[in-house]
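Since the structure comes first, as structure tokens, the remarks are kept for the end.
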There are 2 protein chains.
Amino acid sequence: MPRPTVARRSNAGTKGVPRAEREGQIVQVATEVFGTLGFAATSVADVADRAGISKPLIYNYFGSKEGLFSACLHRAGAILAGELERVARGDAVGLERALRTLEGLFTLLEPQPWIWRLFFDPTVPRGEEGIAAEIALYTDRITALADQGVGEMLRLAGADDPLDVAALTAVWLAVADSLVTWWLDHPDETPASMTERCVRLFGVVLGAPLPAHVTAD
Amino acid sequence: MPRPTVARRSNAGTKGVPRAEREGQIVQVATEVFGTLGFAATSVADVADRAGISKPLIYNYFGSKEGLFSACLHRAGAILAGELERVARGDAVGLERALRTLEGLFTLLEPQPWIWRLFFDPTVPRGEEGIAAEIALYTDRITALADQGVGEMLRLAGADDPLDVAALTAVWLAVADSLVTWWLDHPDETPASMTERCVRLFGVVLGAPLPAHVTAD
DNA sequence: TCAATATGACTTCTGAGTAAGTTACCTCCG
DNA sequence: CGGAGGTAACTTACTCAGAAGTCATATTGA
């Protein structure tokens with residue numbers, strides 16, 4: 001049956017926004033949603049709504065939900081890994097380096113805190129290939145930096161069990177993650193105030209008396 | 001059309017397993033799946049399969065997916081919060097108490113490491129009521145304990161900014177979480193070896209030289 | 001007029017939740 | 001002791017909603 005020939009205004013048709021620009025807008029919106037809700041809980045239709053365009057346009061430009069996530073990932077990854085590597089190239093070691101990293105992180109994440117979440121999203125479909133692999137690309141870079149910093153610190157202290165390094169690296173990443181998360185819950189904090197707070201806390205924790213059996217062992 | 005009168009053996013009918021026992025089995029399986037995959041990625045049908053029963057039985061007994069999760073939560077919560085409170089009643093303070101807590105945690109989680117995950121599952125639907133509220137019930141208890149320990153430690157060090165306490169509590173919970181997660185990825189470790197590792201790492205980190213501007217500020 | 005930009009209205013699939021019926025145990029009456 | 005029937009334990013086979021992904025079509029700048 002042919003469609004009724006009634007004059008029905010459609011919203012279709014170009015709005016004069018070039019593809020590159022639209023893609024940028026979409027990626028920005030999508031990053032925020034993915035970062036806030038997680039991959040699984042994010043619906044493409046929702047992203048389309050918030051971006052003020054329609055779902056098929058997203059599929060036109062990004063191919064699939066994973067493709068969209070991938071685009072967000074690469075933008076965020078370039079920013080993040082780049083900054084962290086910049087810090088790592090500095091000559092700080094041990095806790096000094098840790099603090100510098102946190103400072104860089106806070107400054108970097110100030111305008112768009114969600115991008116951090118993309119790399120530590122537990123809801124992305126696991127698998128040897130696909131998104132998971134791309135995430136690994138970046139987390140490996142980040143972990144390598146952390147591992148190097150942690151390893152250096154442990155070596156200075158005369159410890160060199162590789163498993164110790166691995167465990168402490170995991171802990172360190174979690175510490176960074178938790179501070180970012182806490183910051184997200186306390187929007188009044190500035191990067192500077194967060195950094196100061198970290199300096200203060202480092203001081204307190206490290207100044208605390210060691211338990212007897214730690215020194216004894 | 002009437003059903004064919006052919007003799008078709010159905011699998012229905014009681015298998016003689018009393019409700020309480022069945023519920024226990026289901027909760028055990030469900031806890032593992034929820035804890036491993038997260039709430040969102042877990043399908044009720046999958047749980048039913050693994051438990052060797054059918055989906056409607058789960059709905060019969062637990063009402064809904066949330067109801068099932070809730071049952072897992074309460075079992076796990078009773079175990080977890082109870083143990084942590086036991087440790088907290090001890091007379092250790094500061095880092096000593098931290099180590100004792102970790103030790104208790106590792107021992108407790110040895111047979112069933114997943115239960116920890118239930119309380120820190122980012123994929124549960126947010127909302128003022130429902131599961132989220134029940135989770136909060138337990139995390140509040142856990143957080144309160146952590147907060148108390150952290151607060152005591154900061155007070156001993158002469159610091160008492162409540163936001164500092166809150167932030168350090170978040171960090172401490174993340175540290176515990178990351179150690180459990182790391183352990184999950186290294187199944188060869190025993191509770192004892194994990195505890196030793198923590199003692200060692202505490203020693204190294206706390207023995208590290210303080211950055212200049214930490215002491216300066 | 002053609003290519004780029006855009007959309008409404010599908011199809012398809014997955015997973016939560018349900019209706020209705022099946023089987024086995026248990027009790028109580030004879 | 002034997003069978004009627006009540007009830008608890010269980011399943012098959014659905015419905016229904018929401019989200020991924022697709023198709024055909026519409027609009028407009030160059």
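When reading the values below, keep in mind they use all heavy atoms of this one structure, side chains included, and skip hydrogens, waters and symmetry mates. Within every chain, numbering begins at 1; the chains are lettered A, B, ... in the order of the sequence lines, protein sequences first and strands thereafter.
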Does a nitrogen or oxygen in the side chain of A:K15 sit under 4.0 Å from OP1 or OP2 of C:dA4? no
Expressed in angstrom and rounded to an integer, what is the separation of A:N60 atom CG from D:dG21 atom P? 14 Å
Side-chain contact check for B:S64: nearest option of C:dG17, D:dA13, C:dA4 is C:dG17
Ion pair A:R89/A:E85, N-O distance below 4.0 Å: no
Are B:F106 and B:W183 an aromatic pair by the rule of ring centers under 6.0 Å? yes
Between A:R50 and A:E32, is there a salt bridge with N-O shorter than 4.0 Å? no
Whether B:Y138 and B:H74 hold their rings parallel, tilted or perpendicular, with breakpoints at 30° and 60°: perpendicular
Salt-bridge present (A:D177, A:R117; N to O < 4.0 Å): yes
By a strict heavy-atom criterion of less than 4.0 Å, which residues belonging to residues 17-46 of chain B are in contact with DNA chain D? B:V17, B:P18, B:R19, B:R22
Starting from the C-alpha separation in whole Å, work towards a yes-or-no answer on salt bridge (Lys or Arg N to Asp or Glu O under 4.0 Å) for A:D49 and A:K55. CA-CA 8 Å; A:D49 276 357; A:K55 194 162 51 125; over 6 Å; no
Could you tell me the separation between the CG atom of B:L68 and the P atom of C:dG17, rounded to a whole number of Å? 10 Å
Of the listed nucleotides C:dA16, C:dT7, C:dT5, the one nearest the side chain of A:T14: C:dT5
So does A:K65 reach the base of D:dG21 with its side chain, donor to acceptor, closer than 3.5 Å? no
Expressed in angstrom and rounded to an integer, what is the separation of B:Y59 atom OH from D:dT15 atom P? 17 Å
The nucleotide from D:dA20, C:dA9, C:dG17 with an atom nearest the side chain of A:P56 is C:dA9
Give a yes/no on whether any side-chain N or O of A:K55 is located under 4.0 angstrom from OP1 or OP2 of C:dA9. no
Distance, rounded to the nearest Å, where A:Y61 contributes OH and C:dT7 contributes P: 9 Å
